[in-house]
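Working notes for the structure below.
Note that this is a predicted model, so its numbers are computed, not measured. In what follows, every chain begins at residue 1, and chains take the letters A, B, ... in the order their sequences are listed.
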There are 2 protein chains.
Amino acid sequence: MSKTSLTKNQQIVFTALISAKGPLTAYKILDLALVKREGLKAPLTIYRALDGLLEKGMAHRIESLNAFVACSSAPHKEAAGFMICEQCGMTLELPINACEEPLRQQASSTGFHLHKINIEMIGLCSNCGENI
Amino acid sequence: MSKTSLTKNQQIVFTALISAKGPLTAYKILDLALVKREGLKAPLTIYRALDGLLEKGMAHRIESLNAFVACSSAPHKEAAGFMICEQCGMTLELPINACEEPLRQQASSTGFHLHKINIEMIGLCSNCGENI
DNA sequence: TATGTAATGTTATATCATAACATTTATGAT
DNA sequence: ATCATAAATGTTATGATATAACATTACATA
């Protein structure tokens with residue numbers, strides 16, 4: 001299966017992520033009409049589809065939420081950054097070019113063989129933080 | 001209770017984290033002789049002590065492992081970075097000064113009110129990555 | 001020492017994730 | 001086309017992580 005061709009379940013889950021307003025947990029995905037309608041019934045089915053999408057760089061896991069989002073740019077899986085609103089859940093994927101290099105430096109200078117960088121910034125989005 | 005004075009359970013859990021070789025989950029902490037001996041029996045007891053330590057900046061949560069480490073420098077809770085060996089679990093807390101500023105810039109430029117930055121770098125430590 | 005607050009104890013349960021094994025579907029060689 | 005193989009999916013059960021709700025105890029201080 002090539003990098004960009006999705007399996008049936010991956011398509012279903014990817015569509016769910018694309019349609020979502022924010023990050024979705026596996027169980028939230030499972031509850032969506034869109035997904036139920038297709039006959040997907042077991043958590044494991046969702047997790048397997050998500051694993052495939054992560055592997056293809058087309059989705060990312062938000063560790064601090066145990067949730068998943070569709071990749072908002074060209075597929076990638078080596079490095080990602082997010083701003084996450086702790087009030088409304090809004091999550092924005094960021095380009096992290098500016099800080100990636102110093103981090104890679106730090107890793108290589110200690111002999112660390114880096115596979116993946118994950119950056120999560122928690123706070124209030126401009127809407128939720130308006131009146132504080 | 002002041003920032004540096006720990007409650008009884010917080011002391012017990014903090015000692016456990018300090019003594020550990022790497023990150024510990026709440027349930028791993030609960031299983032330690034050191035902790036059992038003190039009479040701590042319920043997961044919630046551990047989570048509450050951990051919450052207190054996080055709040056005081058004396059421990060950090062490693063999101064990608066659902067685990068916790070003692071802070072390796074002066075207590076802080078606004079920003080932290082880690083290198084995590086996916087083979088042996090070795091985890092090293094990093095100074096992230098170099099990349100903190102560009103991230104704060106990105107946040108403020110979009111009106112995001114930043115509370116916390118968490119950076120996790122996954123890979124192989126110098127020991128585990130020796131022969132690859 | 002009375003009083004309110006923070007910390008702790010206890011039980012139950014919610015939420016997130018994977019193991020093990022069976023079956024079906026897609027793919028490629030002949 | 002058809003057979004062999006690997007990949008994907010289905011199904012059931014269970015493991016691992018985290019919190020809710022409420023009772024009790026310890027602690028600070030007026």
A:Lys41 NZ - D:dA13 P separation (whole Å): 15 Å
A:Leu17 with A:Ile84, same ILVMFWY side-chain cluster at under 4.5 Å: no
Rounded distance in Å - CD (B:Glu38) to C1' (C:dG9): 15 Å
Connected via hydrophobic side-chain network under 4.5 Å: B:Leu92 and B:Leu65: no
Nucleotide D:dT17, atom C1' - distance to CG of B:Asp31 in whole Å: 13 Å
B:Asn66 vs D:dA18: side-chain N/O to OP1/OP2 distance below 4.0 Å: yes
A:Thr25 vs C:dT15: side-chain N/O to OP1/OP2 distance below 4.0 Å: no
Side chain of B:Tyr47 (C-beta onward), nearest among C:dT18, D:dA18, D:dA21: D:dA18
Given DNA chain D, 5'-ward residue of the pair B:Ala26 and A:Ala42, judged by closest heavy atom: A:Ala42
B:Lys36 with B:Glu38: basic N within carboxylate O range, under 4.0 Å: no
Presence of B:Arg48 side-chain N/O under 4.0 Å of C:dT10 phosphate oxygens OP1/OP2: no
Atom pair distance, as rounded to whole Å: CG in A:Leu50 and P in D:dT9: 12 Å
A:Lys8, nearest nucleotide to its side chain (from D:dG10, D:dA8, C:dG9): D:dG10
D:dT17 phosphate, OP1 or OP2, under 4.0 Å from B:Arg61 side-chain N/O: no
Rounded distance in Å - CG (A:Leu30) to C1' (C:dA17): 13 Å
Between D:dT25 (C1') and B:Asn9 (CG): distance, integer Å: 12 Å
Interatomic distance where CD1 belongs to B:Ile12 and P belongs to C:dA7 [whole Å]: 15 Å
Nucleotide paired to C:dT30 in any strand shown, Watson-Crick or G-U, under 3.5 Å: D:dA1
Shortest non-hydrogen contact between B:Leu94 and B:Phe82, atoms and distance: CD1-C, 4.2 Å
Common cluster, B:Ile18/B:Val13, ILVMFWY with side-chain heavy-atom separation under 4.5 Å: yes
Atom pair distance, as rounded to whole Å: CG in B:Leu65 and P in D:dA16: 16 Å
Side-chain donor/acceptor of A:Tyr27 to base of C:dA14, under 3.5 Å: no
